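All residue numbers refer to positions in the sequence shown, counting from 1. Just so you know, ligand 1 is whichever comes first in the structure, and atom 1 is the first atom listed for that ligand. Being a predicted model, the structure only gives us computed values, none of them experimental.
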Amino acid sequence: MKQVININHVKKQVSIGNHKQDLEILHDVSLTVNAGEFLSIIGPSGAGKSTLLNVMSGLSRPTSGQVILLGTDPYHLRAAKAAAFRRDQIGFIFQSYNLIPALPAFDNIVLPLRLAHKKINREKIYKLLKEINFEADPSHFVSALSGGEQQKVAIARVLVANSRIIFADEPTGALDTVSRRIIFGLLRKLANQGACIVMVTHDIEMAAATDVAITLRDGRLEKIIKKPTATELFQALSEERV
Ligand SMILES: Nc1ncnc2c1ncn2[C@@H]1O[C@H](COP(=O)(O)OP(=O)(O)OP(=O)(O)O)[C@@H](O)[C@H]1O
Ligand SMILES: [Mg+2]
């Protein structure tokens, strides 16, 4: 199987407070994700899930350790090359959506395609929006949409981009059960077609439908569970630490 993401002994420290004290929020995390694999990251609030996703995806440089995506260390690319690498190979669905409020929903969705000078297939995009139950008007500004609709715009933007790696931070947190299942199904399909998907989620049922789940606690990788069941994940999350 082809390794797409490789992180080795990754640590992340941040400076806090007036005295610039160092706080380590990721401790020595190593992990491999293969092509076609759907990996979920679970763990309590504050465990470091978003931090890990940002470090893994080339957005936040680790304090030490190495990140390799598709054979490339994104932190060793010059700024322009790093931006092109991200644009061409990687899709992000952020916990905070990261949309441009002053642009219509449609323009937000096609922005990565426009930046990459790729063809925009309007019909395909409208079909996708219908498939994910996006009921607002795509010509409306993002700032006028509800949280769930904004989340769907962020998801559509990634689904149309054909990225080889998708990082998603609680991509369905603001959605109803039906939309959540549909979107999970679309991500699953992309993984089956060879994409590599890394998703942070609080939803144990959803994590149980991924290929591998990892549990994080206090910035440490606790468990790697292949073909997880909901019961196993629930137990892993509720275990008391000694
Ligand atoms: N830039 C920063 N400066 C200081 N502390 C930070 C910074 N970024 C993250 N942290 C701290 O690191 C820890 C992990 O944060 P992170 O956002 O990765 O958690 P999370 O697992 O994604 O939580 P949630 O489930 O609530 O989204 C938290 O205690 C957070 O307060
Ligand atoms: Mg988070």
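- Comparing Q95, K49, K12, R217 against atom 25 (O) of ligand 1, the shortest heavy-atom distance belongs to K49.
- Ligand-side atoms of ligand 1 in range of H202: 25 (O), range being under 4.0 angstrom from any heavy atom.
- Of all protein heavy atoms, the one lying nearest to atom 17 (O) of ligand 1 is S50 CB, 3.8 Å.
- Put simply, S50 gets within reach of the Mg ion (ligand 2), with an N, O or S atom under 2.8 Å from it.
- Distances from ligand 1 to the non-hydrogen atoms of A47 include at least one value under 4.0 Å.
- In this structure, the side chain of D169 does not engage the main chain of V200 through any donor-acceptor pair within 3.5 Å.
- Here the side chain of T172 pairs no donor or acceptor atom with the backbone of L175 at under 3.5 angstrom.
- Among protein heavy atoms, the minimum distance from atom 29 (O) of ligand 1 is reached at G46 O, 3.9 Å.
- By the 4.5 Å heavy-atom criterion applied to side chains, L187 and F38 are counted as neighbours.
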Residues D137, S139; criterion side-chain hydrogen bond (donor to acceptor under 3.5 Å, both in side chains); working and verdict: CA-CA 5 Å; D137 184 336; S139 68; 2.8 Å; yes
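- Of the listed residues (T51, I41, L26), the one carrying the non-hydrogen atom nearest atom 15 (O) of ligand 1 is T51.
- One option in L216, L23, I25 has a heavy atom closer to atom 9 (C) of ligand 1 than any other, and that option is I25.
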Test side-chain contact (heavy atoms from CB on, under 4.5 Å) applied to L59 and R86, step by step: CA-CA 9 Å; L59 289 178; R86 276 202 295 271; 3.9 Å; yes
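- Listed for the Q89 side chain is no donor-acceptor partner under 3.5 Å among the backbone atoms of I165.
- The existence of a salt bridge linking R188 and D211 is confirmed by a sub-4.0 Å separation between a basic side-chain nitrogen and an acidic carboxylate oxygen.
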From CA spacing to verdict: side-chain contact (heavy atoms from CB on, under 4.5 Å), N98, F92: CA-CA 9 Å; N98 268 33; F92 298 92; over 6 Å; no
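- Contact annotation for atom 31 (O) of ligand 1: protein absent (non-hydrogen atoms, distance under 4.0 Å).
- In terms of N/O distances under 3.5 Å, ligand 1 is not approached by V14.
- Within ligand 1, the atoms closer than 4.0 Å to a non-hydrogen atom of I16 are 4 (C), numbered from 1 in the order shown.
- Salt bridge status for E232 with K223: absent, with no side-chain N to carboxylate O gap under 4.0 Å.
- With 2.8 Å as the limit, T51 does not count as an N, O or S neighbour of the Mg ion (ligand 2).
- Closest to atom 26 (O) of ligand 1, if we only count protein heavy atoms, is S45 OG, 2.7 Å.
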